[in-house]
Amino acid sequence: MTDTPAPPLQLFNSLTRSLKIFEPVHSGEARVYSCGPTVYNYQHIGNMRAYVFADTLGRALSFKGYALRHIINITDVGHLTSDADAGDDKMEKAAAQQGKTAWDIAAFYTAEFKRDLDWLHVRSPAKWTVATDYVPRMIEFAKRIADAHCYELESGLYFDVSTVADYGRLARAVTDEGEARIEEVEGKRHAADFAIWRKTPAGETRQMEWDSPWGRGAPGWHLECSVMGEAELGMPFDIHTGGIDHREIHHPNEIAQNQAYRGCGSLDCAEHSGARLWMHNNFLIDRGGKMSKSTGEFLRLQLLVDRGYHPLAYRLMCLQAHYRSELEFSWEGLGAALTRLKRLVMAAASVREADPVAVADRRLTDLLAKFDAAISDDLNTAVALTLLEDAAAMKKLDAGQKRAAIAAMDAVLGLDLLTIDRADLRLRPKAATITAEAIEATLVRRKEARAAKDFAASDALRDELIAAGVEVMDGDPLGWDWRLEA
Ligand code: AMP
Ligand code: ZN
């Protein structure tokens, strides 16, 4: 298709803080592990940015021709209310607060999470690994590292971070910000030491607990990810992902465990960490403070939908920013992303029915080459998106070729442009009191009145709609006709 060879895929490795050409451990394959949610509550849209990122990475790897094996875990035990080793288990706490079992809580929020992923067109991983399914393996893993790397306290089995080389290299800030967040557990040798196994305190029972050589209790959160990654992908595998907060504690601790388990030395060799690449998405931030799950109503995808924003507008909003940049959330920004999505959907609509044929048009092959270069440049989705728009806007083009080009690009960006249509993008805000059918029927009557030059009737119908919260968008260049005010 193009004269120049496809560019190699370059990705940013947080461990070395540098770009690296992707070279798979197993030829032709890409094995990726993404830290998944702790299912004690709904995920907020910031969390969902992490999965849009992991999904885009997976799609890019598929686009570059690798056979993808992607694992996302579900943490249903072991994550404490503090990221370090203090506080309650998030699951047990939520269960107590809601008067349900921890298992019910996990099932409910797992289903909610998966629905959000579907809404965002995040592809299903090859496997969902559920932490509680792997506890026997976790105990075996811990047994193997216990003698040389761990010590026992009354509260559990702890990992001694001084027993591995380069502890905390991933975080870089482990001596100040990182450690400052760790609450002291009595008897720990170093502040950064962390629990591998937490014993149930004497006289208490937990809903989720197992027997182990260190007493009845539950695994530590960091242990879970090391074990599930090793069990499903082998070690080293290719890429480990998570949000940037995991760069500080969770992933350095996983790395330390992996080094211990595999008897590896210094992190000068990135593979000793367990994965060739560690990739982190930056945060979605909300200046209104609605991202915190402790503040009552927080920003969930459902809230966006309730206000009439299609979830894919949020996906597009994420793609407009580079995954390593902070992204600030605003309703205006989301509205702009929705408009951009509408334009794309409408541009793609004209070729939706065409049979795809191989792209030969020079302008299109150039665009596809640029698209490949953008994605290969550490997933530059912001540029890739503009190239998709250029392709969609191109005139005097064979419809089948145009369709094929849009499909190829959209396979990476995941906006489903050739399937959804404008009607799908128009969501009725939850607060609305009028149905879409009633609006459409009134608009038809208004059109007839206008055609008959009965402007009094036409204005009256318009006022009727305004009273019901419907903004009639005469002359909207998108031809969208109406919009409901949330
Ligand atoms: P958690 O359920 O707390 O383990 O978080 C799930 C994922 O969301 C992890 O990869 C976090 O690093 C990530 N994450 C948490 N908050 C944000 C945020 N505001 N923006 C982007 N990613 C986040
Ligand atoms: Zn993890």
Side-chain angles (χ1 to χ4, degrees), residues 14 32-57 71-83 87 89-91 94 105-106 109-110 112-114 116-117 120 122 125 128-131 134 138 170-171 194 219-233 237 239-258 273-275 278-295 298-301 314-315 317-318 321-329:
S14 298
V32 182
Y33 182 94
S34 299
C35 282
T38 304
V39 283
Y40 72 105
N41 202 336
Y42 299 105
Q43 293 283 289
H44 56 54
I45 56 172
N47 299 132
M48 299 316 288
R49 186 181 186 198
Y51 307 108
V52 168
F53 156 63
D55 180 56
T56 308
L57 171 65
I71 302 296
I72 306 179
N73 75 283
I74 300 285
T75 297
D76 58 350
V77 67
H79 195 171
L80 303 191
T81 44
S82 145
D83 244 12
D89 188 297
K90 288 186 177 187
M91 298 298 303
I105 296 280
Y109 290 113
T110 300
E112 291 288 315
F113 168 61
K114 288 184 179 173
D116 282 3
L117 292 182
L120 290 170
V122 169
W128 292 104
T129 57
V130 180
Y134 289 77
M138 292 170 194
L170 180 69
F194 55 91
W221 173 43
H222 316 301
L223 178 66
E224 301 179 356
C225 283
S226 279
V227 169
M228 291 185 278
E230 198 272 336
E232 296 300 331
L233 301 177
F237 53 85
I239 307 175
H240 195 309
T241 81
I244 200 160
D245 52 332
H246 288 349
R247 211 177 62 181
E248 304 306 317
I249 297 176
H250 182 47
H251 290 171
N253 291 354
E254 268 191 59
I255 288 172
Q257 293 166 159
N258 298 346
S273 68
W278 292 78
M279 294 180 69
H280 296 96
N281 63 278
N282 211 322
F283 264 27
L284 179 81
I285 46 173
D286 169 48
R287 304 230 180 266
K290 288 276 191 184
M291 207 73 80
S292 164
K293 293 182 190 178
S294 52
T295 55
F298 58 88
L299 277 172
R300 290 165 49 196
L301 203 54
Y314 178 65
R315 182 175 179 113
M317 190 180 180
C318 291
H322 191 264
Y323 75 89
R324 284 197 281 124
S325 305
E326 262 185 2
L327 172 60
E328 189 167 337
F329 177 81

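The first residue of the sequence shown is numbered 1, and numbering continues consecutively from there. Both ligands and their constituent atoms are indexed starting at 1 by order of listing. All values reported here derive from a predicted model rather than from experimental measurement.
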(request) Looking only at protein heavy atoms, identify the closest one to atom 20 (N) of ligand 1 and say how far it is in Å. (result) Leu284 N, 2.9 Å
(message) Does Asn73 form a side chain to side chain donor-acceptor pair (under 3.5 Å) with Tyr33? I'd like the steps, not just the answer.
(response) CA-CA 8 Å; Asn73 75 283; Tyr33 182 94; 3.2 Å; yes
(request) Answer yes or no for Cys225: is there an N/O/S atom below the 2.8 Å cut-off from the Zn ion (ligand 2)? (result) yes
(request) Record the part of Asn282 in heavy-atom contact with ligand 1 below 4.0 Å; permitted values are side chain, backbone, both and neither. (result) backbone
(request) For atom 12 (O) of ligand 1, grab the closest protein heavy atom and report residue, atom and distance to one decimal in Å. (result) Asp245 OD1, 2.4 Å
(request) Specify the protein heavy atom at minimum distance from atom 21 (C) of ligand 1: its residue, its atom name, and the distance to 0.1 Å. (result) Gly46 O, 2.9 Å
(message) For His222 and Phe194, take the angle between the two ring planes, folded into 0 to 90°, and tell me which bin it lands in: parallel under 30, tilted 30 to 60, perpendicular over 60.
(response) perpendicular
(request) For atom 9 (C) of ligand 1, grab the closest protein heavy atom and report residue, atom and distance to one decimal in Å. (result) His246 NE2, 3.5 Å
(message) Whether the side chain of Ser34 engages the backbone of Gly36 through a donor-acceptor N/O pair (distance < 3.5 Å, no angle test) should be reported.
(response) no
(request) Work out which heavy atom in Cys35 is nearest to a heavy atom in His240; give both atom names and the distance. (result) SG-CE1, 3.4 Å
(request) Considering the heavy atoms of Asn281, write down every atom of ligand 1 situated less than 4.0 Å from one of them. (result) 21 (C), 22 (N)
(request) Quick one: look at Asn47 and ligand 1, take heavy-atom pairs under 4.0 Å, and tell me if it's side chain, backbone, both or neither. (result) both
(request) Please name the residue in the list Leu57, Ile72, Asn281 that meets the side chain to side chain contact (heavy atoms under 4.5 Å, CB included) test with Thr241. (result) Leu57
(request) Nearest 10° is fine: what angle sits at the Zn ion (ligand 2) between NE2 from His250 and SG from Cys35? (result) 120°
(request) Answer yes if the ring centres of His250 and Trp278 are under 6.0 angstrom apart, and no otherwise. (result) no
(message) Starting from atom 2 (O) of ligand 1, what is the nearest protein heavy atom, named by residue and atom, and what distance separates them?
(response) Thr38 N, 3.2 Å
(request) Classify the contact between Tyr42 and ligand 1 as side chain, backbone, both or neither, using a heavy-atom distance cut-off of under 4.0 Å. (result) neither
(request) Say whether Gly242, considering both its backbone and side-chain N or O atoms, lies within less than 3.5 Å of an N or O atom on ligand 1. (result) no
(request) Please tell me if the side chains of Asn282 and Ser325 come closer than 4.5 Å, counting only heavy atoms from C-beta onward. (result) no
(message) Looking at ligand 1, would His44 count as a contact under a 4.0 Å heavy-atom criterion?
(response) yes
(request) May I have the step-by-step check of side-chain contact (heavy atoms from CB on, under 4.5 Å) for Asp286 and His44, ending in yes or no? (result) CA-CA 11 Å; Asp286 169 48; His44 56 54; over 6 Å; no
(message) Quick one about Glu232 and Tyr134 (side-chain donor to acceptor, distance below 3.5 Å, no hydrogens or angles considered), yes or no?
(response) yes
(message) Within the structure, is a non-hydrogen atom of Met48 found at a distance of less than 4.0 Å from ligand 1?
(response) no
(request) Below 4.0 angstrom from a heavy atom of Tyr51, which ligand 1 atoms are there? Numbered from 1 as shown, please. (result) 6 (C), 7 (C)
(request) Provide, to 0.1 Å, the distance between atom 10 (O) of ligand 1 and the closest protein heavy atom, together with that atom's residue and name. (result) Gly243 N, 3.0 Å
(message) Using every non-hydrogen atom in the two residues, find where Met91 and Asp89 come nearest and quote the distance to one decimal.
(response) N-OD1, 2.8 Å
